[in-house]
Amino acid sequence: MGNTVTNQAMTHFKSQVFLILHQSQVGECFSYGEIATLAGFPGYARQVGQLLKKLPKDTKLPWYRVVNAQKRISFIEGSEAYLRQKERLEAEGWLIIAGKLKYKDQ
DNA sequence: TTTCGGGCTCGAT
DNA sequence: GATCGAGCCCGAA
């Protein structure tokens, strides 16, 4: 068992992460670490990734608005997951130049 | 109990 | 920039 935090705290962590994503707007983009900190759990970047990984494929949550701290998609370039995320981001006005995310006209 | 692998980060070369 | 190493934290093996 992981002893670091209580199950209750983990449950709270999850709901906070989901809430933040649910409330995010088109054109926004965060890093895993930012989401963790906003949720009140700094240092939990990897846990955010674990959570998003578990989301059902048809989820309505904008999981794709989360990239790594370098503003790069955290999947192997060219992989299916990478392409799915890239498409969705581009559909919201993001451009990917040399692997890095840039907002349109900026 | 220990080890290891993940949609991670940050500081130092 | 690009790489590397060391932290980070949980769950599964």
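Hydrogens, waters and symmetry mates play no part in the numbers below; they use all other heavy atoms, side chains included. To find a chain, count down the sequence lines: A is the first, B the second, and so on, and within it residues start at 1.
- Distance from the side chain of A:Ala45 is smallest to B:dT9 among B:dT9, C:dG1, B:dG7.
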Report the C-alpha separation of A:Glu90 and A:Lys86 in whole Å, then their side-chain angles, then the decisive distance to 0.1 Å, and conclude whether the salt bridge (Lys or Arg N to Asp or Glu O under 4.0 Å) test is met. CA-CA 6 Å; A:Glu90 288 175 339; A:Lys86 180 173 185 272; 3.2 Å; yes
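- Evaluation of the ring-ring contact (aromatic ring centres under 6.0 Å, His included) test over residues 85-106 of chain A, restricted to residues two or more places apart or in two chains, returns A:Trp94-A:Tyr103.
- Rounded to an integer number of Å, the gap from OH of A:Tyr44 to C1' of C:dG11 is 13 Å.
- Distances from the side chain of A:Gln47 to the nucleotides B:dC8, B:dG6, C:dG1 place B:dG6 closest.
- Nucleotides B:dC8 and B:dC4 have their C1' atoms positioned 16 Å apart, rounded to a whole Å.
- The gap from the P atom of B:dG7 to that of C:dG7 amounts to 23 Å, rounded to the nearest Å.
- One can place CZ of A:Phe75 at 11 Å from C1' of B:dG6, the figure rounded to the nearest angstrom.
- Between the C1' atoms of C:dC8 and B:dG6, the separation comes to 12 Å (whole Å).
- Side chain of A:Arg65 to main chain of A:Ser24: a donor-acceptor pair is present (N/O by atom type, distance under 3.5 Å, no hydrogens or angles).
- A:Ser15 places a side-chain N or O within donor-acceptor distance of the main-chain N or O of A:His12, the cut-off being under 3.5 Å.
- Residue A:Asn7 contributes atom CG, which lies 17 Å from atom P of C:dC9 at whole-angstrom precision.
- Taking the side chain as every heavy atom from C-beta outward, A:Leu21 and A:Leu52 approach each other to under 4.5 Å.
- Distance, A:Ile97 CD1 to C:dG1 P: 12 Å, rounded to whole Å.
- Dashed line: the shortest gap from a side-chain N or O of A:Ser31 to OP1 or OP2 of B:dC8 is not under 4.0 Å.
- Atom-to-atom, CH2 of A:Trp63 to C1' of B:dC8 comes out at 17 Å; the value is rounded to the nearest Å.
- For DNA chain B, runs of at least 3 consecutive pairs of the Watson-Crick or G-U wobble type, with both hydrogen-bonding distances under 3.5 angstrom, map to B:2-6 with C:9-13, B:8-13 with C:2-7.
- Computed from coordinates, the A:Tyr32 OH to C:dC9 P distance equals 19 Å when rounded to whole Å.
- Between the side chains of A:Gln47 and A:Tyr32, not a single donor N or O lies within less than 3.5 Å of an accepting N or O.
- For A:Ile76 and B:dG7, the CD1 to P distance is 10 Å, given to the nearest whole Å.
- Counting non-hydrogen atoms under 4.0 angstrom, A:Val66 reaches a base of the nucleic acid.
- Across A:Val5 and A:Tyr44, no two heavy atoms sit closer than the pair CG1-OH, 3.1 Å.
- Between A:Val17 and A:Ala39, the shortest heavy-atom contact is CG2-CB, 4.1 Å.
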Under the criterion side chain to side chain contact (heavy atoms under 4.5 Å, CB included), I'd like the reasoning laid out for A:Gln85 against A:Phe75: C-alpha separation, chi angles, the key distance, then a yes or no. CA-CA 9 Å; A:Gln85 185 164 13; A:Phe75 288 115; 3.4 Å; yes
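- Between A:Lys86 atom NZ and B:dG7 atom C1' there is a gap of 18 Å when expressed in whole angstrom units.
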Output one line per pair: protein atom, nucleotide atom from nucleotides 2-7 of chain C, and distance, for all N/O pairs under 3.5 Å.
none

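- Between A:Leu83 and A:Gly78, the shortest heavy-atom distance links the atoms CD1-O, 3.7 Å.
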